[in-house]
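Each remark here refers to the structure printed beneath this line.
Hydrogens, waters and symmetry mates play no part in the numbers below; they use all other heavy atoms, side chains included. Each ligand, and each atom within it, is numbered from 1 in the order the structure gives. This is a predicted model, so every value here is computed, not measured.
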Amino acid sequence: MKIIGADVFVTCPGRNFVTLKIITDEGIIGLGDATLNGRELAVASYLRDHLCPQLIGRDAHAIEDIWQFFYKGAYWRRGPVTMSAISAIDMALWDIKAKAAGMPLYQLLGGASRSGVMVYCHCTGRTLDEAIEDYAKHQQMGFKAIRVQCGIPGMETTYGMSKGKGLAYEPATKGNWPQEQIWSTERYLDYTPKLFAAIRDKFGFNEHLLHDMHHRLTPIEAARFGKSVEPYRLFWMEDPTPAENQACFRLIREHTVTPIATGEVFNSIWDCKQLIEEQLIDYIRTTLTHAGGITGMRRIADFAALYQVRTGSHGPSDLSPICMAAALHFDLWVPNFGVQEYMGYSEQMLEVFPHQWQFEDGYMHPGEAPGIGIEFNEQLAAKYPYDPAYLPVARLEDGTLWNW
Ligand code: GCO
Ligand code: MG
C-alpha cells in the first residue's frame, strides 16, 4: 500500500489544531495530530515543507522504518517541533494499518488490558467555594479522578483558572502577544493545602485527587509542598518543578511520599530516562502527539514498566481530538496504565472531529471502529482559519521572568 498524498491543515474551531492526513493508493486515509500549542505553524511547515514530500511513494505499512527515517535521517534529533511532526505521521500510519486490518487500533497493539480507561477531569474555581462547586459538578458527572486548581488570594490569576465562572479552561489568549501573569510561590504554598483540606473535608476520599503545580516551584519548595499535603493523599502532584535537570527530583523524593507525575513537555524517551531509572517519578505524562506517536510512547511505557512507573498521559483540550482518540486505544492496551487526562472539547471542536469514543461513569472507551475511530470534517474546518494565540508567561512580583 503506497502513500500517494499527505496534507496538513491548521484549523481553529475555538482553538488551533494541526491535522495531518495521509492518503494511500488503496483509498485508505489516516489522521494524525501535530498540534504544538503556540507554535502550530512551525510544525505545519516542518511537515509540509520537509516531511510530507518524502512520504510520497513509501509503503504505508512500514511504520517503524518511516519513524526511524525521520528521527535519524534528519541528523537533528528530538525537539518538540520535529517530534510533533513525526508523531502525527506515526499516528496516521497506525490509523491506516488498523483500518487495513479491519480492527480498532487497540486490537493491533495487543488487545484490551482493561474494560475502560479511567480519565481525570480538570476542575477549577477563582475561589475555594467555586472550586468546591465545580468539584461537585464533576463528581456528579461520574469522574473517579478529579484535578483541582483554585485561585490564590493576592494573585490575579494562576495556572488552571478559567476566564470566568462556568467557562471551560483555556490558557491561551488570542493575539500575537502572550499575556503576562504574576506569580508568588509564598502565597501558593500558604493557600493550596487549604484547598485540599476543604475538598477532602466536604467530599471525603472517594475520588482520586490530583493537582498541577505547573513547574512553578524549586525542588526544595516542592519537597515541602509534597510533605505538607500528605494527609490529603493526592493521586499525584504534577510537574512540581521544571524537569530539564532530571536529577533534581531526587531532592523532592527524599522528603515526601506524595506521588509525582511529570513529562507533558517531554518529547523523547531520553527526557525521562533518569527519572524512570531512578524511580524519581510515579507517572510519566508524555503524549502521543509530542513524544513520537504510538511508536515513541510504546517504547517509553515499556521502559517505565520495568520500574513500576505508570502512564498518565497529557490530555488537555489543546491537543486535538485525534490525539485523544488515539490515546484511548493506547491506554486500553498499555499494561502499566495509570490514568488519562481528559479536559474535554467544545461542541464546535467535536463537529470538526466526529469521534467514536464513549464516556461512562468516569471511564472512557475508544469504540470498535477500525483504525483510531476519528474523522476530520475538512469543509467545516476550512471555515475556521488559523487564529494566533499564545500561552501566558509568568513573572515574580519583582518582574523576574519565571516558569509558567
Ligand atoms: C495540563 C497542562 C496544560 C498545559 C497546556 C499547554 O496538565 O493539562 O499543564 O493545561 O498548560 O496543555 O499547552
Ligand atoms: Mg499539566
Side-chain angles (χ1 to χ4, degrees), residues 12 14-18 33-43 80-81 83-84 87 119-124 134 138 143 145-150 157-163 167-174 178-181 183 188 192 208-217 222 225 234-243 259-267 271-272 275 281-291 311-324 327 338-346 349 387-394 402-404:
C12 185
R15 75 158 354 278
N16 293 306
F17 295 120
V18 183
D33 176 32
T35 309
L36 185 61
N37 202 358
R39 298 293 184 269
E40 296 87 357
L41 300 186
V43 188
V81 174
M83 294 308 290
S84 301
S87 300
V119 291
Y120 75 83
C121 58
H122 180 89
C123 115
T124 174
D134 204 31
H138 286 92
F143 283 100
I146 303 183
R147 187 172 74 187
V148 187
Q149 308 295 135
C150 177
T157 185
T158 182
Y159 169 76
M161 299 299 89
S162 62
K163 294 190 172 97
L167 294 179
Y169 173 55
E170 170 51 70
T173 35
K174 304 248 180 212
Q179 192 196 58
E180 301 207 349
Q181 300 176 351
W183 170 255
Y188 171 81
T192 311
H208 296 299
L209 183 61
L210 294 79
H211 179 70
D212 193 345
M213 295 150 79
H214 226 261
H215 325 273
R216 303 286 168 88
L217 305 187
F225 179 89
L234 296 191
F235 184 89
W236 76 35
M237 55 175 181
E238 178 176 330
D239 291 329
T241 197
I260 301 173
T262 202
E264 65 180 54
V265 302
F266 294 174
N267 47 68
D271 296 329
C272 29
L275 288 169
I281 57 172
D282 302 278
Y283 298 92
I284 181 70
R285 289 211 9 95
T286 42
T287 61
L288 295 177
T289 298
H290 299 142
T311 64
S313 284
H314 195 202
S317 27
D318 51 72
L319 290 164
S320 98
I322 298 175
C323 174
M324 188 68 213
V339 70
Q340 167 70 48
E341 177 178 1
Y342 175 60
M343 248 191 211
Y345 297 96
S346 68
M349 293 170 188
D387 194 3
Y390 287 91
L391 288 169
V393 298
W402 199 243
N403 315 303
W404 182 73

Nitrogen or oxygen of [X] less than 3.5 angstrom from that of ligand 1:
X      : value
His214 : yes
Glu341 : yes
Trp404 : no

Q: Taking the Mg ion (ligand 2) as the vertex, measure the angle between atom OD2 in Asp212 and atom OE1 in Glu264; round to 10°.
A: 180°
Q: Start with the C-alpha distance between Phe266 and Met83, add both sets of side-chain angles, then the distance that settles side-chain contact (heavy atoms from CB on, under 4.5 Å), and finish with yes or no.
A: CA-CA 10 Å; Phe266 294 174; Met83 294 308 290; over 6 Å; no
Q: Heavy atoms only: give me the nearest Ile284-Gly263 pair and the separation to one decimal.
A: CD1-CA, 4.4 Å
Q: Specify the closest pair of heavy atoms between Leu319 and Thr287, including all atoms of both residues, with the distance to one decimal.
A: CD1-CG2, 3.7 Å
Q. Looking only at protein heavy atoms, which one is nearest to atom 9 (O) of ligand 1, and how far off is it?
A. Glu264 OE2, 2.7 Å
Q. Can you tell me which residue and heavy atom of the protein come closest to atom 5 (C) of ligand 1, and the distance to 0.1 Å?
A. Asp318 OD2, 3.3 Å
Q. In Glu238, what N, O or S atom is nearest to the Mg ion (ligand 2), if we give its atom name?
A. OE2
Give the atoms of ligand 1, by number and element, whose distance to some non-hydrogen atom of [X] is under 4.0 Å.
X      : answer
Glu238 : 1 (C), 7 (O)
Met343 : 8 (O), 10 (O)
Tyr159 : 1 (C), 2 (C), 3 (C), 7 (O), 8 (O), 9 (O), 10 (O), 11 (O)
Pro316 : 8 (O), 12 (O)
Asn37  : 6 (C), 13 (O)

Q: Identify the residue among His215, Arg147, His214 that makes a side-chain hydrogen bond (donor to acceptor under 3.5 Å, both in side chains) with Glu238.
A: Arg147
Q: May I ask you to say whether Lys163 pairs ionically with Glu170, meaning some side-chain N is under 4.0 Å from a carboxylate O?
A: no
Q: Give the intermediate values and the outcome of side-chain contact (heavy atoms from CB on, under 4.5 Å) for residues Ile260 and Met237.
A: CA-CA 5 Å; Ile260 301 173; Met237 55 175 181; 4.0 Å; yes
Q: Under the ring pair (Phe, Tyr, Trp, His ring centres under 6.0 Å) rule, what do Tyr188 and Tyr159 come out as? Steps first, then yes or no, please.
A: CA-CA 11 Å; Tyr188 171 81; Tyr159 169 76; over 10 Å; no
Q. For ligand 1, is there an atom lying under 4.0 Å from some heavy atom of Arg285?
A. yes
**Q.** Part of Leu319 within contact of ligand 1 (heavy atoms, under 4.0 Å)
**A.** neither
Q: Quick one: look at Met213 and ligand 1, take heavy-atom pairs under 4.0 Å, and tell me if it's side chain, backbone, both or neither.
A: neither
Q.
Please report the interatomic distance SG(Cys121) to NE2(His138), rounded to the nearest 0.5 Å.
A. 4.5 Å
Q: Would you please say whether a donor-acceptor pair under 3.5 Å links the side chains of Asp33 and Thr289?
A: yes
Q. Is NZ or CZ of Arg216 both nearer than 6.0 Å to the six-membered ring centre of Trp183 and within 45° of the ring axis?
A. yes
